[in-house]
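All values below were derived from every heavy atom in this structure, side-chain atoms included, with hydrogens, water molecules and symmetry-related copies excluded.
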Amino acid sequence: MKPEIVKSLANFLEAIPYQVATWDKKVIDYLDEHPEQMKDFHSGSATMKWKIYSSIKYQPL
């Protein structure tokens, strides 16, 4: 499922997939472990996608 996650994030971020795979490993791993969040991301609006992405990306370790 990870290639699908990378592709979805790359499309949303308007980035090249290998950049997303490098820069957003934390987000990819989280969405891989939480398929319900990935489903929400995939079907959500741009605002919803940003809320999901940023809540994972910028969450303290």
**Prompt:** Under 6.0 Å from the NZ atom of Lys25, do we count more than 12 heavy atoms belonging to anything else shown?
**Reply:**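 12 or below, so no.
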**Message:** Run the side-chain contact (heavy atoms from CB on, under 4.5 Å) test against Tyr18 and tell me which residues pass, sequence neighbours left out.
**Reply:**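 With sequence neighbours excluded, Tyr18 shows a side-chain contact (heavy atoms from CB on, under 4.5 Å) to Ile16, given in chain and number order.
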In Å and rounded to the nearest 0.5 Å, what is the [atom1] to [atom2] distance from [X] to [Y]?
{"X": "Met38", "Y": "Ser43", "atom1": "CE", "atom2": "OG", "result": "9.5 Å"}
{"X": "Leu9", "Y": "Ile28", "atom1": "CG", "atom2": "CD1", "result": "6.0 Å"}
{"X": "Ile52", "Y": "Leu31", "atom1": "CD1", "atom2": "CG", "result": "7.5 Å"}
{"X": "Gln37", "Y": "Ile5", "atom1": "CD", "atom2": "CD1", "result": "11.5 Å"}

**Request:** Output every pair passing ring pair (Phe, Tyr, Trp, His ring centres under 6.0 Å) with a member in residues 22-48, not counting sequence neighbours, ordered by first then second residue.
**Result:**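 As it turns out, the ring pair (Phe, Tyr, Trp, His ring centres under 6.0 Å) pairs with a partner in residues 22-48, which skip direct neighbours, are Phe12-Phe41, Tyr30-His34.
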**Request:** Please answer whether the main-chain N or O of Gln59 pairs with a side-chain N or O of Lys26 as donor and acceptor at a distance below 3.5 Å.
**Result:**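 A pair under 3.5 Å: yes.
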**Request:** For the pair Tyr58 and Tyr53, name the ring-plane relationship: parallel under 30°, tilted 30 to 60°, perpendicular over 60°.
**Result:**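 Perpendicular, since the angle between the ring planes exceeds 60°.
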**Message:** Within the structure provided, determine whether Lys2 and Asp29 are in side-chain contact (heavy-atom separation under 4.5 Å).
**Reply:**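 They are in contact (side-chain heavy atoms under 4.5 Å apart), so the answer is yes.
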